[in-house]
Amino acid sequence: MKALLVCEYREGQLLDTTYELMTFADQLGADKVAVLIGDDKAVPRMDGKVYLAEAASCGEYNPVVHKQVVLAAIEKENPDYIILSHSSYGWDLAPRLAAALKIGQVSEIVGIAEGGFEVGCCNAKMRRSVSPTGSQAVLTVQAGAFPSADPQGAPAIERIDVSADTQGVTFKGYEPAEEKEVDLARAEVIVSAGRGIGKKDNVPVIAELAKAIGGELGASRPVVDAGWVDHGRQVGTTGQTVAPKLYVACGISGAIQHLAGMKKSDFVVAINKDKDAPIGEVADVLVVADVMQFVPALTDALQK
Ligand SMILES: Cc1cc2nc3c(=O)[nH]c(=O)nc-3n(C[C@H](O)[C@H](O)[C@H](O)COP(=O)(O)OP(=O)(O)OC[C@H]3O[C@@H](n4cnc5c(N)ncnc54)[C@H](O)[C@@H]3O)c2cc1C
């Protein structure tokens, strides 16, 4: 089995998610080749081959040209799977590839199942298995679902030149995100509130613990969607990616989209009344308790 990994490159750098795609391909037992539209400095560490097209001529992102480059690599390798990250780049490029090749696509993969792939459903509350029926398929993989590989090899590089016919599509650049009230990415301690805190009136209880240990308040998406906490404090794939020394998850189940934003934390403490909550799989300490009983008692003890 062979997998073609489509690397992602932004503002002159290879994105780390490329190494998550490598782990995914390794778990499939696939031989790996990669394609990068970037530059020589951004070529990923790996054994095997990397097809390289220059971002200087192809554009850092231009869906029409990037599709041509990836199709050229597919023609040379005839891979079983064409694998991209489930990022805005992957969302845009993957269906273009699947349509051009007239093959199926499996999106937002979070696991490998018997004969297929696990993808989230019901707002990521459940998982279902999807098996492509054809011999070739395009796959997009959820960020954070697979750990990063750490290969040390230096690949052989084969250059791809495509006619940069943009068919009128131009890349205008990136828009800076809204100014954040707080930069959680720099915080050393974060205490995050999840839906398990029950109601908006309980947010100050979590904020008080954050203050007591010199940290910042974070939140899961439902808490932000409900308007209990500003979006600038959301942790996860559609919020901020954080890497504090200490992350305290209060009433957070540990959905993959949340874990993707905080899995690089050095030490994770989770408070959850469910001893089997998935957050327990990444927590260094899981406190099985009612968060609204435990947190005020902990804050009180710390303040003393
Ligand atoms: C495209 C997409 C993007 C997403 N992006 C993000 C994102 O960026 N960030 C994010 O967080 N989510 C994101 N989500 C949502 C994600 O899938 C989960 O739905 C969300 O993370 C769940 O939040 P939660 O853990 O707070 O709530 P729940 O999953 O409802 O978990 C609540 C937890 O609290 C526990 N609990 C309940 N009562 C108590 C109590 N009294 N004491 C202690 N524990 C209690 C429960 O046991 C449960 O484990 C995204 C989803 C999609 C589809």
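Whatever order the structure lists them in is the order used to number ligands and atoms, beginning at 1. Atom set for the values below is all heavy atoms of this structure, side chains included, hydrogens, waters and symmetry mates excluded.
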Within a 6.0 Å radius of atom CD on Q152, are there more than 12 heavy atoms belonging to other residues, nucleotides or ligands?
yes
Where ligand 1 meets [X] - atom numbers and elements under 4.0 angstrom, heavy-atom basis:
X	answer
G239	8 (O)
G194	26 (O)
A255	16 (C), 17 (O), 18 (C), 21 (O)
D274	47 (O)
A289	42 (N), 43 (C)
S253	25 (O), 28 (P), 29 (O), 31 (O), 33 (C), 48 (C), 49 (O)
D290	41 (N), 42 (N)
T238	3 (C), 4 (C), 5 (N), 6 (C), 7 (C), 8 (O)

Region of S220 that comes within reach of ligand 1 [heavy atoms, distance under 4.0 Å]:
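The answer is both.
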Proximity to ligand 1 by part of V235, non-hydrogen separation under 4.0 Å:
backbone
Using a 6.0 Å distance limit plus a 45 degree cone around the ring axis, check whether R45 lies over the aromatic ring of Y19.
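Yes; both conditions hold, so R45 lies above the ring face of Y19.
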By side-chain contact (heavy atoms from CB on, under 4.5 Å), A283 pairs with (sequence neighbours left out) V268, A270
With a 3.5 Å distance limit and no angle check, can you tell me whether E60 reaches the backbone of A55 through a side-chain donor-acceptor pair?
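Answer holds: no.
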Filtering R221, M262, M292 for the heavy atom nearest atom 15 (C) of ligand 1 leaves R221
Please work out which of R195, Q240, Q142 has its closest non-hydrogen atom nearest to atom 30 (O) of ligand 1.
R195
In chain order, what residues pass the salt bridge (charged side-chain N to carboxylate O under 4.0 Å, His left out) check against R128, with sequence neighbours excluded?
none
After noting the C-alpha distance and the side-chain angles of R233 and D230, does the key distance pass the salt bridge (Lys or Arg N to Asp or Glu O under 4.0 Å) rule?
CA-CA 6 Å; R233 293 184 182 272; D230 288 343; 5.7 Å; no
Does the side chain of T18 come under 3.5 Å of the side chain of E20 through a donor N or O and an acceptor N or O?
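On atom types as modelled, these side chains do not qualify, holding no pair under 3.5 Å.
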Contact with ligand 1 for Q234, non-hydrogen, under 4.0 angstrom
yes
Does ligand 1 have any atom that is closer than 4.0 Å to a heavy atom of G261?
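Under 4.0 Å: no for G261.
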Sub-3.5 Å N/O-N/O distance, E108 and ligand 1
no
Looking at A289 and I271, what are the two nearest heavy atoms and their distance?
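Residues A289 and I271, closest heavy atoms: O-CG2, 4.2 Å.
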Closest contact, heavy atoms only, V191 versus C250
CG1-SG, 3.8 Å
Distance flag, aromatic centroids of Y174 and Y61, threshold under 6.0 Å:
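Here the rings of Y174 and Y61 have centres that are no less than 6.0 Å from each other.
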